[in-house]
Amino acid sequence: MSAGSVRVRFAPSPTGHLHVGGARTALMNWLFARHHGGVFILRIEDTDRERSTPEATAAILSAMRWLGLDWDEGPQTGGPSGPYFQSERRASYAEAAGRLLAAGHAYRCYCTPEELEARRGEQLARGASPRYDGRCFELPESERLRVAAERGPGAVRLRMPPGETSWDDVTRDTVRFSHDELDDIVLLRSDGLPTYNFAAVVDDAAMRITHVIRGDDHISNTPRQIVIYGLLGIEPPRFAHVPMILGPDGSRLSKRHGATSVEAFRDEGFLPEAMVNFLALLGWAYDGKQELFDREDLVAKFDLDRVGKNPAIFNYEKLEWMNAVYLRRLSLDERTRLALAEIETAGLARPATAPVFYSRLVEAIGERLRRPSDVLVHGAFALRDEVTFEPEAWAMVVSEPKARDRLSAVAECLERLPEVSAAAAESAIRALAAEMGVKAGELIHPSRVALTGSRASLGIFDVMEILGKERAVARLRGAASRL
RNA sequence: GUCCCCAUCGUCUAGUCUGGCCCAGGACACCGGCCCUUCAAGCCGGCGACGCGGGUUCAAAUCCCGCUGGGGACGCCA
């Protein structure tokens with residue numbers, strides 16, 4: 001395709017948060033547009049008046065921004081093919097429906113949702129396919145007018161022509177449907193608002209969308225949409241159905257599998273770069289070897305021909321790993337800023353503490369940080385004043401008869417130091433060990449427990465420096481006195 | 001029930017179009033080792049898959065058919 005000709009869109013319905021599945025679809029559209037130098041449009045499909053809310057719209061926009069998926073046309077940005085809210089485009093749906101009605105490709109239906117529901121249930125119970133029986137199409141004009149007077153204007157239904165529809169899907173070759181499987185779908189509801197299949201066609205045509213990239217749960221909608229394009233005399237766009245994202249049990253990803261909304265991941269400390277990288281790899285692969293892609297790399301390498309067709313199970317562990325990778329790439333200042341935010345929300349910020357205390361702490365935690373909130377666990381020893389001893393750790397100290405003397409010796413050693421820097425503490429304690437004729441570890445291990453309450457911690461000399469002479473000595477003496 | 005889609009390690013996948021270079025490669029997880037003051041990280045190594053059955057062919061993960069399994073759709077939801 002020629003450069004600049006690509007126009008794609010992401011069209012969420014504002015009925016909740018941006019789901020990772022939706023985010024992945026948005027990302028692929030965005031990447032495709034950016035890769036081909038095309039246009040990425042955001043369109044809000046708010047035709048369901050019951051469920052659409054302005055809050056959901058705001059949440060989706062904010063999640064999109066957080067992921068860095070900027071749109072060329074859409075809400076707040078505007079653009080030549082607006083408005084970008086379907087609720088504001090009623091006139092064009094009415095116009096299109098009017099044309100179909102006039103041409104005899106559509107008809108008015110006065111069946112109520114309750115009647116339809118009852119018939120559907122009955123068909124299903126019979127083991128038949130639930131389809132609209134077309135009864136309103138067969139209504140004689142006189143009868144039609146009588147029912148209309150009684151029930152109002154009714155809905156507009158498409159008269160499904162006989163035949164079959166097929167298309168060459170970008171990601172999965174030719175897909176074919178017999179029209180026998182497609183019934184007379186509703187185009188316009190009785191409130192005048194369009195249904196999804198109709199609105200999508202009218203808008204995609206008006207916005208000159210060239211490629212519809214969406215989840216493969218839309219495959220069965222595609223023939224209906226193609227029929228509408230045909231009846232309207234419009235050339236349909238190309239369709240690319242990407243595999244769905246499943247939960248660990250293989251069913252559609254939902255809340256019971258854990259976090260599913262983009263903002264939930266954000267709140268759990270995942271970085272947008274990691275999220276984007278991870279999502280891109282769900283259903284797409286470059287060469288099967290490279291796993292880490294920054295945004296520019298993704299834009300350069302992404303294309304639809306490398307999108308697979310099998311559904312992908314959302315692997316939380318791999319996301320965690322990837323997040324840790326991206327976190328490590330951040331500068332110390334950036335990591336400190338993220339960690340400090342966690343410390344503050346946890347209410348563990350220490351008053352009158354120099355900023356360098358936190359950056360030293362984060363620096364010492366180093367690659368143990370998989371999420372910003374990990375600062376709370378790895379930094380607990382410094383952020384809290386009381387030491388909580390893990391039973392096994394304390395037992396280890398107790399089992400060493402010389403532990404009391406050793407802790408006291410370490411305390412004294414630190415006390416004599418003019419300043420407890422990690423380097424100074426290290427040389428002093430190693431010298432002390434040599435002097436006492438023990439291995440450094442024999443001083444270090446009990447000290448770790450005394451200082452942190454645990455057998456696993458940051459580097460022990462970092463711990464000493466971060467705690468500072470006073471707190472460190474007090475903890476060592478405190479532990480010794482308990483022996 | 002009907003229609004549609006999909007099928008390689010536990011998971012994400014490369015390889016399938018253009019059959020041989022694949023006794024199947026990479027990553028996450030897991031296990032072991034090294035490093036080391038512990039943990040983590042890193043490095044090294046290990047475990048681990050072509051769903052089943054028929055074809056076609058000198059040769060099939062790759063092509064064809066059937067089966068099985070999983071998923072999706074069948075709304076005046078999107």
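In this text the structure is predicted, and so the values were computed from the model without any measurement. Below, chains carry the letters A, B, ... as their sequence lines are ordered, and counting in each starts from 1. Hydrogens, waters and symmetry mates are skipped; everything else that's a heavy atom, side chains included, is used.
The residue A:His241 sits apart from the nucleic acid: no heavy atom pair falls under 4.0 Å. Residue contacts shown for A:Leu319 are absent, as no nucleic acid heavy atom lies under 4.0 Å away. Looking at heavy-atom distances under 4.0 Å, A:Arg126 makes no contact with the nucleic acid at all. Among the protein residues, A:Phe461 comes within range of the nucleic acid bases, having at least one heavy atom under 4.0 Å from a base atom.
Nearest to the side-chain atoms of A:Arg131 among the listed nucleotides B:rU2, B:rA7, B:rC76 stands B:rU2. Closest to the side chain of A:Arg172, out of B:rA78, B:rA73, B:rC6, is B:rC6. Nearest nucleotide to the side chain of A:Arg252, out of B:rG1, B:rA73, B:rC3: B:rA73.
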Heavy-atom protein contacts under 4.0 Å, nucleotides 40-52 of chain B, coded B base, S sugar-phosphate only, - none: BSS----------
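With a 6.0 Å cutoff to the six-membered ring centre and a 45° limit on the axis angle, A:Arg329 counts as a cation-pi contact of A:Tyr326.
For B:rA40, there is no paired nucleotide, since no Watson-Crick or G-U wobble pair has both relevant distances below 3.5 Å. Under the Watson-Crick or G-U wobble criterion, with both distances below 3.5 Å, B:rA78 is left unpaired in every strand shown.
Exactly one of A:Phe314, A:Phe293, A:Trp321 qualifies for a ring pair (Phe, Tyr, Trp, His ring centres under 6.0 Å) with A:Phe278. That residue is A:Phe314.
Separating the CG atom of A:Asp183 from the C1' atom of B:rG1 is a distance of 15 Å, rounded to the nearest angstrom. Rounded to whole Å, atom C1' of B:rC4 lies 15 Å from atom CZ of A:Phe239.
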Sort me out a list of protein N/O and nucleotides 13-21 of chain B N/O pairs below 3.5 Å, or just none if empty.
{"unit_1": "B:rU13", "atom_1": "OP1", "unit_2": "A:Gly283", "atom_2": "N", "d": "2.9"}
{"unit_1": "B:rA14", "atom_1": "O3'", "unit_2": "A:Arg306", "atom_2": "NH2", "d": "3.2"}
{"unit_1": "B:rA14", "atom_1": "O2'", "unit_2": "A:Asp287", "atom_2": "O", "d": "3.4"}
{"unit_1": "B:rG15", "atom_1": "OP1", "unit_2": "A:Arg306", "atom_2": "NH1", "d": "2.8"}
{"unit_1": "B:rG15", "atom_1": "OP1", "unit_2": "A:Arg306", "atom_2": "NH2", "d": "3.4"}

